[in-house]
Asks: 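To start, I am sharing the structure in question, which I have written as structure tokens.
Within every chain, numbering begins at 1; the chains are lettered A, B, ... in the order of the sequence lines, protein sequences first and strands thereafter. On a predicted model such as this, the values are computed, not experimentally measured, just so you know.
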Number of protein chains: 2
Amino acid sequence: MDNRQKILAKAEELFAAQGYNAVGVQELAQAADVTKPTLYHYYGSKLGLLQAVLEDGFLPLLQQTREAAQYQGDLPLTLYRLANAYFAFSKARPGFYRLQLSLWFSPPESEDFDAVRPWGHRQQEMLEALFQAAVRDHGNMKGRHRRYAATFLGMLNTLISLGLNNLLELNDELVFNAVHQFMHGIYS
Amino acid sequence: MDNRQKILAKAEELFAAQGYNAVGVQELAQAADVTKPTLYHYYGSKLGLLQAVLEDGFLPLLQQTREAAQYQGDLPLTLYRLANAYFAFSKARPGFYRLQLSLWFSPPESEDFDAVRPWGHRQQEMLEALFQAAVRDHGNMKGRHRRYAATFLGMLNTLISLGLNNLLELNDELVFNAVHQFMHGIYS
DNA sequence: TAATATGTATACCACTCGGTACATAAAAAG
DNA sequence: CTTTTTATGTACCGAGTGGTATACATATTA
């Protein structure tokens with residue numbers, strides 16, 4: 001593994017464990033067994049490193065969830081696949097998912113939040129497009145696709161953060177129940 | 001308003017807007033129109049100030065929600081009152097609620113998280129006691145009170161954070177729908 | 001009026017922060 | 001074999017960090 005990747009991996013690990021602001025560049029370079037100018041050579045700044053970490057995690061997440069979010073006439077099935085994709089990703093890369101969640105809830109005026117904002121929008125857009133497409137078959141959803149997208153992702157993140165803290169097992173039964181409960185909220 | 005309160009109010013405001021780590025003690029004292037030793041005179045340390053801010057917010061929150069969480073045989077009604085209490089509080093003190101949420105999602109090894117942890121537990125205990133009490137009338141809930149407490153609070157926080165960002169209006173209809181949906185998840 | 005807390009200000013501490021100027025090493029290209 | 005690009009190390013920067021020693025002012029109490 002070259003220095004570039006070593007830095008990226010350690011950054012994801014330390015940012016997830018201690019938070020972006022709490023980790024110093026010096027500490028980071030030391031943990032990656034590299035000197036500070038080397039780090040700056042590759043990533044330009046601490047914020048640049050954070051952005052690289054986010055891109056490294058969000059690109060595969062978005063790719064995998066986009067595939068699952070293709071609507072083909074069966075909304076519960078699509079949501080089921082989507083929830084599974086999210087759960088699988090959070091299990092495969094728990095550190096990144098933790099980091100991403102904590103950034104998402106960080107204060108709206110901070111530079112950390114600015115770094116996740118665009119990725120949050122891309123997720124939101126993907127989900128909105130899904131619920132928009134489903135309006136054809138579920139007329140009563142009309143005009144609510146934005147709200148559905150936000151609450152669905154919120155529900156998933158609630159469950160995932162419980163899963164990350166071992167308070168819940170993210171198994172098939174849970175996925176089924178969660179989607180069922182969410183669909184019930186749409187029908188009624 | 002005396003200096004003590006001025007410091008506390010500014011701290012809540014700045015911590016909520018920029019994050020605990022991103023705000024310096026110097027900056028804080030300046031914003032409260034006070035010198036640094038004055039701040040240390042009252043609160044001892046930056047962490048001590050954060051703890052005071054949390055106590056100042058969580059004590060009334062817990063008091064108001066505890067009253068709403070008294071189970072008297074009607075679970076949907078209790079959850080309805082509880083959700084209303086949470087929503088009302090988040091509207092009354094949006095800055096504090098934001099801060100509390102962001103701390104709750106900050107990395108588990110950070111000192112910020114240590115500061116909210118006990119308050120999170122007290123909320124969790126209150127909700128567990130409620131669902132525990134409701135087991136008498138809802139046998140199928142048995143053994144799941146921990147999960148119900150966590151997911152119910154998670155749902156409320158999802159909605160509240162959408163409300164704080166003006167993506168959702170936290171009105172009576174929403175409370176009704178949310179509780180209804182949650183109860184459906186219990187029955188089925 | 002004297003003694004005692006309480007509150008506030010000046011000036012400083014050692015340390016860490018993110019970031020960089022500059023020299024050198026290694027490798028690729030001519 | 002030289003030149004140029006890419007990569008890494010040494011040593012440093014000014015600014016800001018959380019925190020404090022100490023003196024001074026203002027009340028309260030004896």
Side-chain angles (χ1 to χ4, degrees), chain A residues 1-56 99 102-103 106-107 109-117, chain B residues 1-56 99 102-103 106-107 109-117:
Chain A
M1 192 160 60
D2 65 355
N3 284 340
R4 182 177 207 120
Q5 287 175 307
K6 270 196 339 199
I7 296 169
L8 200 69
K10 274 292 170 192
E12 179 180 318
E13 180 188 328
L14 294 188
F15 285 163
Q18 305 172 227
Y20 173 69
N21 283 294
V23 181
V25 177
Q26 180 77 45
E27 178 186 358
L28 214 48
Q30 213 163 315
D33 200 26
V34 152
T35 57
K36 224 166 26 157
T38 299
L39 190 155
Y40 277 90
H41 173 69
Y42 287 115
Y43 298 103
S45 71
K46 191 189 179 186
L47 184 59
L49 176 54
L50 175 63
Q51 289 167 340
V53 167
L54 291 180
E55 184 171 328
D56 181 67
L99 170 62
S102 80
L103 290 174
S106 54
E109 294 181 29
S110 61
E111 73 174 14
D112 349 11
F113 185 73
D114 290 341
V116 260
R117 202 201 307 269
Chain B
M1 192 159 59
D2 64 356
N3 284 341
R4 181 178 207 120
Q5 287 174 306
K6 270 196 339 199
I7 295 169
L8 199 70
K10 274 291 170 193
E12 179 180 318
E13 181 187 328
L14 293 188
F15 285 163
Q18 306 174 223
Y20 172 69
N21 284 292
V23 182
V25 177
Q26 180 77 45
E27 180 186 357
L28 214 48
Q30 213 162 313
D33 200 27
V34 151
T35 57
K36 227 166 23 157
T38 300
L39 190 154
Y40 278 91
H41 173 69
Y42 287 115
Y43 297 103
S45 72
K46 192 188 177 186
L47 185 59
L49 176 54
L50 175 63
Q51 288 167 342
V53 168
L54 291 180
E55 184 171 327
D56 181 66
L99 170 62
S102 80
L103 291 173
S106 56
E109 294 180 28
S110 61
E111 74 174 13
D112 353 10
F113 185 73
D114 289 343
V116 259
R117 203 202 306 271

Asks: Between the protein and nucleotides 4-8 of chain D, which nitrogen or oxygen pairs come in under 3.5 angstrom?
Replies:
from  : atom 1 : to      : atom 2 : distance (Å)
D/dA7 : OP2    : A/His41 : NE2    : 3.1
D/dT8 : OP1    : A/Asn3  : ND2    : 2.6
D/dT8 : OP2    : A/Tyr42 : OH     : 2.7

Asks: Looking at every non-hydrogen atom in both residues, tell me the closest pair between B/Leu50 and B/Ala115 and how far apart they are.
Replies: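 Closest heavy-atom pair between B/Leu50 and B/Ala115: CD2-CB, 3.9 Å.
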Asks: Holding to side-chain hydrogen bond (donor to acceptor under 3.5 Å, both in side chains), I want the full list of residues that pass it with A/Glu55, two or more places apart in sequence or in another chain.
Replies: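 A/Glu55 satisfies side-chain hydrogen bond (donor to acceptor under 3.5 Å, both in side chains) with no other residue.
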Asks: Not counting sequence neighbours, which residues clear side chain to side chain contact (heavy atoms under 4.5 Å, CB included) with A/Glu109? List them please.
Replies: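 B/Ala17.
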Asks: Tell me which residues in residues 5-15 of chain A put a heavy atom below 4.0 Å from DNA chain C, sorted by number, or none.
Replies: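 Listed by number, there are none.
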Asks: Which residue pairs pass the ring-ring contact (aromatic ring centres under 6.0 Å, His included) test when at least one of the two sits in residues 12-32 of chain A, sequence neighbours left out?
Replies: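 Counting only pairs at least two positions apart or across chains, the ring-ring contact (aromatic ring centres under 6.0 Å, His included) contacts touching residues 12-32 of chain A are A/Phe15-A/Tyr20.
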Asks: Applying ring pair (Phe, Tyr, Trp, His ring centres under 6.0 Å), can you list everything that pairs with A/Tyr42, at least two apart in sequence or on another chain?
Replies: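 Expected list: none.
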Asks: Going 5' to 3' along DNA chain C, between which two nucleotides do contacts with chain B fall, using a heavy-atom cut-off of 4.0 Å?
Replies: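 From 5' to 3', the first and last contacting nucleotides are C/dG7 to C/dT10.
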Asks: Can you name the side-chain hydrogen bond (donor to acceptor under 3.5 Å, both in side chains) partners of A/Arg117, sequence neighbours left out?
Replies: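 Listed in chain order: A/Asp114.
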Asks: Considering the options A/Asp112, A/Val53, A/Val116, which one meets the side-chain contact (heavy atoms from CB on, under 4.5 Å) requirement together with A/Leu99?
Replies: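 That would be A/Val53; it is the only one of A/Asp112, A/Val53, A/Val116 passing the side-chain contact (heavy atoms from CB on, under 4.5 Å) with A/Leu99.
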Asks: First locate atom CG of B/Leu49, then atom NZ of B/Lys46, and finally report the distance between them rounded to the nearest 0.5 Å.
Replies: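 Here the interatomic distance stands at 9.0 Å.
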Asks: Quick check on contacts: within residues 21-34 of chain B, what sits under 4.0 Å from DNA chain C by heavy-atom distance?
Replies: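 Residues of residues 21-34 of chain B that come under 4.0 Å of DNA chain C do not exist, since none gets that close.
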Asks: With sequence neighbours excluded, tell me which residues meet ring pair (Phe, Tyr, Trp, His ring centres under 6.0 Å) with A/Tyr40.
Replies: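 Partners of A/Tyr40 under the ring pair (Phe, Tyr, Trp, His ring centres under 6.0 Å) test: none.
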Asks: At their closest point, which heavy atom of A/Ser102 faces which heavy atom of B/Ser106, and how far apart are they?
Replies: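 Closest approach of A/Ser102 to B/Ser106, heavy atoms only: CB-CA, 4.3 Å.
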Asks: What residues, two or more places apart in sequence or in another chain, satisfy side chain to side chain contact (heavy atoms under 4.5 Å, CB included) together with B/Asp56?
Replies: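 Expected list: B/Leu8, B/Glu12, B/Arg93.
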Asks: May I have the distance from B/Lys36 (atom NZ) to D/dA21 (atom C1'), rounded to whole angstrom?
Replies: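 Atom NZ in B/Lys36 sits about 13 Å away from atom C1' in D/dA21.
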Asks: Sequence neighbours excluded and cut-off under 3.5 Å, please list the side-chain donor-acceptor pairs for residues 25-35 of chain A, or say none.
Replies:
from    : atom 1 : to      : atom 2 : distance (Å)
A/Glu27 : OE1    : A/Gly24 : N      : 3.3
A/Glu27 : OE2    : A/Gln18 : NE2    : 3.4
A/Thr35 : OG1    : A/Thr38 : OG1    : 3.2

